[in-house]
Amino acid sequence: MAVLNKIRQRSVFLIIIIALALFSFVLADVIRNGGFSGQDSQNVIATVNGNDVDREEFAREVEAFERNMGNNISTTQAVNRIWDQKLRQVILEEEVEKLGLRAGEDQVTELVRTQMAGNPNFSNEAGMFDENRLREYVANLKETSPEAYAQWQQFTSNLAQTAKMNAYYNMVSAGVGATLLEGEQAYKMQNDNINMKFVQIPYSSIPDSEVEVSKSDIKNYIENHASRFESDASRSMQYVIFEEAASTDDESEAKEALSKLRSQRVEYNAAVGANDTLPGFDSTDNYADFIANNSDLPYQNIFRFRNDLKGENAEQIFNLNEGESFGPYKENGFWKLSKVVETKNIPDSVKASHILISYTGSQLGAAGNRTKAEAEALADSLAGVVRSDSDKFAALASEFSADTSNKEQAGDLGYFVPGMMIPAFENYVFDNKTGDIGVVETPLGFHVISIDDQTEAAKAVKVATIAREIQASEKTMNEQFNEVTKFEIAAAEGDFSKVAKESNYEVRTVKDVKALDENIPGAGAQRRVIQWAFEDDAKVGDVRRFDTNNGYVVAQLTAKQDKGLMSVEEASAEVTPILIKQKKAELIKERLKGNSLQEIAGNQGVSVQTADAVNLNNPTLAGAGEEPEVVGTVFSLEKGEMSEPIAGEKGVYIAELVSKFEAPKMESYKAFANQESASRRAQATTRVFEALKKKADIQDNRAKFY
């Protein structure tokens, strides 16, 4: 009571303390989000040229896209696809508004006409689009269904936007073309050619050890080619993967549990208040129910030939006698026990035709009100007709069959193997012989079946298999969690790599991960790990544990690279070979001696080579590959003139022009100009968007939300 009285006396003080704590929490969040506008920033996925892209709207479009794709893509892939669409929409709409482009009613109507051309609801008796029918439809929507009318308005609004985009692209394309002079140049590049001789001293003739590329060389190259080496922000990490795996004890327990299922057992039945004796796998005669109640894999009630059985134990299982069992054996993460429950000699494939008679209540239903009894009587009657005259099967299938997929092909189902058809249907065609005609009932209705052909019979077996998945037990998972947690704590307090090595864990490294990447090499899709690495409060050296689908990843952030020019280390792999080539070219040029190609070739231990009919459109030298700079240089020489040393792609060249063929002049180069214009216009829409995108001011916040 004394304690309670003291709390009451200080209640106001406690309230003030709690309020201050809450305020500090809110204030910290405000500061972290860049001020009191943080709430707004939480609703903006991106800002493009000052236009905010709403996060909730973006999320709805991503979810809709994932649904449309049937979950066949990851969320990150869907986000990137919608981002590309949204970026194009925002950037191009801005350009359209600047130009004041508008979509006229005629343009929208024409687009509607194109969209609805194949819809019979809006076609007249001649099959042509009827605008009056469309207007009646829209007027009816407006009166009867406001929601559907709103969807129609959205549809036409989208078409209007499409019309404006088309107008914009048409304007861009109209401004793209080639002059007659450019047409002439294209003609000459294709048809002027030269014959030449050259000496090539390959870069490989100088060992890499003779040239040295320093960090300052790489740094200078990067700075002199800045636009080429601009880089997004990136992170580097090292990590250890802990896969959730069953222990030896777990494997033994799964095997023992499976083995116990072989014998009958007594279990208490609470429903009747008494013990029940349940059959075991060795004695059951209802394999479908037994496997459904006791196995981690379903029962497959089909006959299989030898080639259909897979795995290293397939031969032994196939050769079992009816009623014999094999196992337990371990396969693909399961303990399995298999029994051959039936053997039979059957064709490995059958060709059949059918007439399907459905009825009210069957899975397909019936066009009229045909009862089950009427359907059966009709099927029996049709079977009698075709038994007397099989030539009538095609006409009867066309008239009566409910299977629209093949009724016009005389009900032909083609060839099929065991397991492809409904059991009752399949049993009939595989158990009877070619030429037989019968009636079989299935959930679809009554089938009049004609067995048209059967391949040669061979041994087939029906195998029942009970399986228990080998999974990590709760005990094993708890032990692994403790192990992972200990490593996480030790790695955070000490040297990550050293701690991992002491415990024989494999440390993997990943460099230059981008903010919107999804996969980590060696670990697969680990979006959450990448998000953490880019969080504002994540520091180099931080360690974090992450749950995965089958275990854990413990990662350490090892480097942070802000947006800007690549570092020397990042660009080294690309720049070093370029600088090595340049330095080798200088060394080769210094060592060249001789006044003719023959002298130079002799001094360098190489031969003089020739290249004939070379043009600028395809600057390829036989034996050397594409060398545009070399070919371009030789085109500028006079006949018999020798070039200065040229640093090409594969080596240093000295070349001589042997002869030049200039294509005859044409009266008009319009055809070539038109060809160039068409080529440029085909690329215009893509190139104009890329140019606008490069120019745009884009603040991309996707990585914060996905």
Side-chain angles (χ1 to χ4, degrees), residues 194-231 234 236 238 497 507-512 521-522 558-559 561 565-612 614 618-637 641-658:
I194 56 173
N195 297 327
M196 57 181 282
K197 296 188 293 186
F198 65 93
V199 172
Q200 180 206 49
I201 300 91
Y203 294 125
S204 57
S205 64
I206 295 182
D208 288 352
S209 58
E210 288 192 28
V211 294
E212 182 180 350
V213 176
S214 66
K215 287 188 175 181
S216 61
D217 291 334
I218 298 173
K219 185 173 183 294
N220 290 335
Y221 189 90
I222 294 170
E223 291 173 350
N224 292 332
H225 302 80
S227 61
R228 181 175 166 185
F229 293 99
E230 289 178 354
S231 175
S234 64
S236 296
Q238 57 183 351
S497 297
V507 177
R508 309 184 189 194
T509 60
V510 56
K511 292 186 177 181
D512 304 328
T558 57
Q561 179 70 36
L565 284 181
M566 286 185 184
S567 65
V568 169
E569 289 74 19
E570 287 178 300
S572 178
E574 182 178 351
V575 175
T576 300
I578 296 172
L579 295 179
I580 287 176
K581 188 185 291 187
Q582 289 180 356
K583 289 176 179 286
K584 286 185 176 183
E586 293 304 316
L587 287 176
I588 291 171
K589 289 178 182 180
E590 290 173 5
R591 298 174 185 180
L592 289 177
K593 294 180 181 179
N595 297 319
S596 67
L597 293 182
Q598 288 293 348
E599 288 183 22
I600 295 170
N603 291 331
Q604 295 296 322
V606 295
S607 60
V608 177
Q609 301 180 61
T610 61
D612 296 332
V614 180
N618 183 24
T620 302
L621 302 180
E626 283 199 7
E627 289 290 358
E629 190 163 346
V630 176
V631 174
T633 300
V634 179
F635 256 91
S636 67
L637 300 177
E641 184 180 359
M642 190 171 72
S643 71
E644 295 295 323
I646 309 162
E649 294 295 320
K650 305 289 178 57
V652 173
Y653 296 79
I654 304 90
E656 179 183 320
L657 177 63
V658 176

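Side chains included, hydrogens not; waters and symmetry mates left out as well; all remaining heavy atoms used.
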Rounded to the nearest 0.5 Å, what separation is found between the [atom1] atom of [X] and the [atom2] atom of [Y]?
X	Y	atom1	atom2	value
M642	L657	CE	CG	13.0 Å
E586	E590	CD	CD	7.0 Å
M566	R228	CE	CZ	9.5 Å
E570	S234	CD	OG	4.5 Å
S236	D512	OG	CG	5.0 Å

> Would you find more than 12 non-hydrogen atoms of other residues, nucleotides or ligands less than 6.0 Å from K219 atom NZ?
Replying inline: no
> Counting heavy atoms not belonging to N595, are there more than 12 under 6.0 Å from its CG?
Replying inline: no
>> Over 60° means perpendicular and under 30° means parallel, so tell me whether H225 and Y221 are parallel, tilted or perpendicular.
In response: parallel
>> Between V608 and Q598, is there a side-chain heavy-atom distance shorter than 4.5 Å?
In response: yes
>> Using the rule given for side chain to side chain contact (heavy atoms under 4.5 Å, CB included), can you reason through E649 versus K581, listing the C-alpha separation, both sets of side-chain angles and the distance that settles it, and then say yes or no?
In response: CA-CA 9 Å; E649 294 295 320; K581 188 185 291 187; 4.0 Å; yes
>> Quick test of your reading: applying salt bridge (charged side-chain N to carboxylate O under 4.0 Å, His left out), list the pairs with at least one residue in residues 599-608, sequence neighbours left out, ordered by first then second residue.
In response: none
> Does any pair with a residue in residues 204-217 pass salt bridge (charged side-chain N to carboxylate O under 4.0 Å, His left out), and if so which ones, sequence neighbours excluded?
Replying inline: D208-K584, E210-R591, K215-E569, D217-K583
